[in-house]
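Both backbone and side-chain heavy atoms feed into the values below; hydrogens, waters and symmetry mates do not. The sequence lines fix the lettering, A, B, ..., with proteins before strands; numbering per chain opens at 1.
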Amino acid sequence: MIVEGILKGAVMMSTPLLIGALAEVFVERTGVMNIAIEGIFLIGAWAGFVGAYLTKSIGVGLVCSVVAGLVTGAIYGYFTVYLKQHQIVTGTAFNILSVGLTLYLYRVFFGVPLLPLTVEPLSSINIPLLSKIPVLGEALFNQNILTYLAFLFVGVGYWVLYHTRLGLVIRSTGANPEAVDAAGINVEKVRYWAVLFSSAMNGLAGAFYSLGFLGLFTENIIGGRGWIAFAICFLGNWNPLGVLAGALVFGLADAVAVSIQTSAFKAIPNEFIIALPYILTIVATIARKHFNVPAYLGTPYVKERR
Amino acid sequence: MKRSKKIALSLFPVYSVFLGLILSGLLMLLLDANPLFVYKKMLIFAFRDAYNIADIFAKATPLMLTGLAFGFAFRASLFNIGAQGQFYMGCLATVTCSLFMNNFPAVILLPLCVLASGVAGGLWGSLVGYAKAKFNANEFLISMMSTYVAIAIMNYLIRGPLIESKGEYPQTDVIAQSAWIPQIIPHTRLHWGFVLAVVIAALAYFILWKTTLGFKIRAVGMNRDSARYAGINEKRIFVEVFFISGAFAGLAGFMEVNGIQHMLVQGFNPYLGAEGIGIAILGNAHPLGIVFAAILFGALKVGGNLVVQTSSIPSSIIGIMEGLVMISVIFSYFLRERILIRMEKKMLQAEDRKEDPRV
């Protein structure tokens with residue numbers, strides 16, 4: 001029972017990390033780091049909640065989170081891709097702004113409610129028969145729609161990245177932008193679209209925290225999860241399959257933490273368990289020797305001036 | 001280039017501060033507040049009396065240090081995103097010192113606290129530099145994650161060994177008076193730590209531009225490969241830069257614990273590290289610019305806090321103002337660069353014409 005519960009929790013908690021990290025793989029393969037990821041997670045969580053609360057429809061909420069991510073990404077991409085401003089610096093500005101903005105706009109919409117506002121979270125979709133498989137059934141076949149989408153996205157993402165022309169363009173834009181440019185493809189356009197795509201997905205990933213199981217929005221609802229998704233992209237070596245493995249490990253850490261926190265087991269201080277995913281990231285970053293970093297990651301593309 | 005034009009260009013970040021404030025003002029309209037009225041109130045509040053004016057500088061003190069923490073590493077093209085964690089480590093060290101060595105007189109205790117907080121922040125930071133030097137780990141990721149680990153350590157210590165004697169809230173006891181940083185102006189919160197912070201900024205300038213270490217740091221920052229060919233041990237620089245940078249952030253802990261709070265409260269000042277990044281950007285990663293940018297952010301905080309207390313505007317507006325000012329400043333750097341390139345082109349064309357009358 002406990003094992004089944006933890007496995008189910010692990011798959012559930014890995015969902016937003018998986019979506020965010022996969023999105024980051026695509027944008028970083030074109031040479032742009034989406035450092036605004038933490039902020040976009042938060043904005044997505046906020047917009048998803050607001051949309052769902054006002055319309056009483058989770059579907060509308062999810063659309064809102066994608067649109068909010070898209071809008072943020074449009075501005076972030078404009079600054080980093082077209083104005084060629086520093087990605088880390090710009091991203092940090094966006095992350096600071098997003099904390100103030102979501103809290104402020106929550107107040108604009110809802111004033112100061114006495115009790116935290118809630119919505120009905122996404123319900124699980126039980127796949128008949130398959131969900132009855134012992135141990136793994138509940139974990140893999142009784143989850144909400146976003147989890148299924150995330151796993152579908154791994155396969156589709158892998159196929160697009162390695163088996164299509166689009167994937168070749170994406171990979172080449174990060175590895176050798178000059179060659180892409182020489183082939184008559186607009187490097188900035190590829191990068192901008194990648195930022196838009198990743199930001200929309202990040203918005204959706206953020207909505208998982210507000211709509212996926214909690215059904216509410218708070219200031220620290222994301223609490224560094226965006227950074228963990230960002231780290232998983234690195235640790236997964238910019239490969240959708242590597243990212244899948246990474247997300248599952250972190251999801252498992254999250255699920256184990258939750259079950260230890262709620263159990264009577266008190267030998268390990270709570271704080272250590274909370275810090276576990278972050279320590280794991282540090283250890284994994286240090287332990288991994290060979291990274292396949294896209295050659296032009298973080299470098300704006302400037303055409304040679306005549 | 002004409003001198004007047006040069007000055008106009010160098011003032012670009014200042015104009016962009018106003019742009020950021022105008023954009024934040026538009027958001028105030030959403031809560032049916034008149035931004036002009038709010039800003040007027042902010043100005044009046046911030047400069048109403050000696051207490052508030054002094055408070056601007058008191059608030060600027062830790063911001064200056066976390067700004068220096070990011071700016072100093074930035075000069076070596078290193079990203080110290082973990083100033084928040086280094087700050088908390090500094091807090092823990094200084095509060096431990098202040099609580100357990102309280103029978104020392106202030107002349108010994110205060111320097112001890114300075115040392116403890118600086119070294120604690122520095123060591124915590126240099127772990128990041130070491131990971132980068134030894135394992136070629138991404139310093140951005142590691143420093144980011146180290147903050148969350150530091151928060152966990154702080155929460156654990158405050159909940160456990162360092163908890164107040166009443167044992168009720170996650171906070172320490174009030175530290176002895178001898179560990180308080182003396183005030184500059186009595187009955188205000190402005191303490192001598194502000195002067196120390198300015199001196200530290202001057203020290204950062206001195207290290208960067210007047211010492212061999214600083215030359216090496218800047219060489220690594222400009223071009224890592226050529227610095228290596230020139231015989232600079234870049235790995236050593238990584239550790240040294242992160243130690244110094246972390247020490248700056250750790251000292252911010254001394255300022256806040258011994259200068260303002262006189263105790264350590266769980267999770268206080270949660271955005272000091274992030275604001276430091278904004279301040280470093282606003283100040284162009286130059287110590288002098290960072291000093292002024294920190295004072296500006298201090299004024300925003302003091303004015304903002306008072307407006308929040310007396311109107312319907314929530315405190316999150318301060319974060320919005322900070323964020324929008326940062327984004328406007330980044331935009332202004334783009335504009336300035338573009339204007340400079342255009343002017344250079346014009347000058348070159350003019351010279352071409354002089355030399356070759358046919359063009």
Side-chain angles (χ1 to χ4, degrees), chain A residues 33 35 38-39 75-76 79 82-86 88-90 92-109 111-112 219-220 223-224 227-228 230-231 234-235 269-289 291 293 298 305, chain B residues 24 27-28 30-31 70 74 79 81 127-128 131 134-138 140-142 144-157 159-160 270-271 274-275 277-278 280-281 312-331 333-335 337-338 341:
Chain A
M33 285 186 282
I35 300 279
E38 173 83 7
I75 307 170
Y76 177 76
F79 268 81
Y82 286 108
L83 302 188
K84 308 194 190 309
Q85 292 307 296
H86 204 290
I88 292 181
V89 164
T90 311
T92 307
F94 272 72
N95 292 330
I96 291 183
L97 181 63
S98 66
V99 177
L101 203 60
T102 49
L103 278 180
Y104 186 85
L105 293 178
Y106 188 87
R107 171 80 167 259
V108 168
F109 276 94
V112 191
E219 176 184 4
N220 40 19
W227 293 123
I228 290 195
F230 183 85
F234 266 73
L235 301 175
N270 215 355
E271 286 82 5
F272 176 78
I273 294 163
I274 293 172
L276 199 61
Y278 308 107
I279 296 172
L280 203 61
T281 311
I282 293 175
V283 172
T285 312
I286 288 173
R288 180 122 202 193
K289 276 277 172 288
F291 281 110
V293 191
R305 285 206 189 86
Chain B
S24 320
L27 282 168
M28 291 178 198
L30 291 176
L31 279 181
F70 183 82
F74 193 71
F79 291 93
I81 310 287
L127 287 180
V128 180
K134 177 89 185 173
F135 305 103
N136 195 23
N138 182 299
F140 177 79
L141 268 182
I142 305 255
M144 167 62 67
M145 294 296 141
S146 71
T147 290
Y148 292 99
V149 179
I151 290 173
I153 294 175
M154 171 162 150
N155 287 346
Y156 171 71
L157 289 177
R159 200 172 55 89
Y271 299 113
E275 284 164 345
I277 300 172
I281 297 165
S312 60
I313 304 276
S315 61
S316 42
I317 194 72
I318 301 172
I320 291 182
M321 288 192 295
E322 288 172 352
L324 287 174
V325 163
M326 280 174 73
I327 291 172
S328 314
V329 169
I330 294 168
F331 187 70
Y333 286 146
F334 160 77
L335 271 185
E337 204 177 316
R338 167 160 270 195
I341 290 172

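Closest of all the heavy-atom pairs between B:Ser316 and A:Gly100 is CB-O, 3.5 Å. Heavy-atom minimum distance, B:Ile327 versus A:Leu97: CD1-CD2, 3.7 Å. Contact between A:Leu105 and B:Leu30 at its shortest, heavy atoms only, is CD2-CD1, 3.8 Å. Between A:Ala93 and B:Ile330, the closest heavy-atom pair is CB-CD1, 4.1 Å.
Checking side-chain atoms of A:Tyr104 against main-chain N and O of B:Leu27 turns up a donor-acceptor pair under 3.5 Å. Side-chain atoms of B:Arg159 do not come within 3.5 Å of backbone N or O of A:Glu271 as any donor-acceptor pair.
Note: B:Leu141 CG to A:Thr285 OG1 = 5.5 Å, rounded to the nearest 0.5 Å. Taken from CD1 in A:Ile286 to CG in B:Asn136, the straight-line distance is 11.5 Å, to the nearest 0.5 Å. Distance check, rounded to the nearest 0.5 Å: CD of B:Glu337 to CD of A:Gln85 gives 6.5 Å. Remark: B:Ile81 CD1 to A:Ile88 CD1 distance equals 6.0 Å, nearest 0.5 Å. Between the CG atom in B:Leu324 and the CD1 atom in A:Ile96 there is a gap of 11.0 Å [rounded to 0.5 Å]. To the nearest 0.5 Å, atom OG1 of residue A:Thr92 and atom CZ of residue B:Phe140 are 6.0 Å apart.
The number of heavy-atom neighbours closer than 6.0 Å to OH of B:Tyr333, taken from other residues, nucleotides and ligands shown, is above 12.
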Show, in sequence, the C-alpha distance, side-chain angles and deciding distance for A:Val89 and B:Phe74, and conclude whether the side chain to side chain contact (heavy atoms under 4.5 Å, CB included) test is met. CA-CA 10 Å; A:Val89 164; B:Phe74 193 71; 4.2 Å; yes
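Judged as a side chain to side chain donor-acceptor pair (under 3.5 Å), the pairs with a partner in residues 145-157 of chain B (not counting sequence neighbours) are, in order, B:Asn155-B:Gln266.
Residue A:Ile35 touches chain B through its side chain alone, counting heavy-atom pairs closer than 4.5 Å. Both the backbone and the side chain of A:Leu103 come within less than 4.5 Å of a heavy atom of chain B. Only the side chain of B:Ile281 comes within contact range of chain A, with at least one heavy atom under 4.5 Å from a heavy atom of that chain. For chain A, the nearby parts of B:Phe331 are the backbone and the side chain; heavy atoms of each come within less than 4.5 Å. Both the backbone and the side chain of B:Phe334 come within less than 4.5 Å of a heavy atom of chain A.
Among A:Ile282, A:Ile274, A:Thr281, the single residue meeting the side-chain contact (heavy atoms from CB on, under 4.5 Å) criterion with B:Val149 is A:Ile282.
A search for ring-ring contact (aromatic ring centres under 6.0 Å, His included) contacts involving A:Tyr106 returns A:Phe110, A:Phe217, not counting sequence neighbours.
Ranked by heavy-atom pairs under 4.5 Å with chain A, the list B:Met154, B:Met326, B:Glu322, B:Met144 is led by B:Met144.
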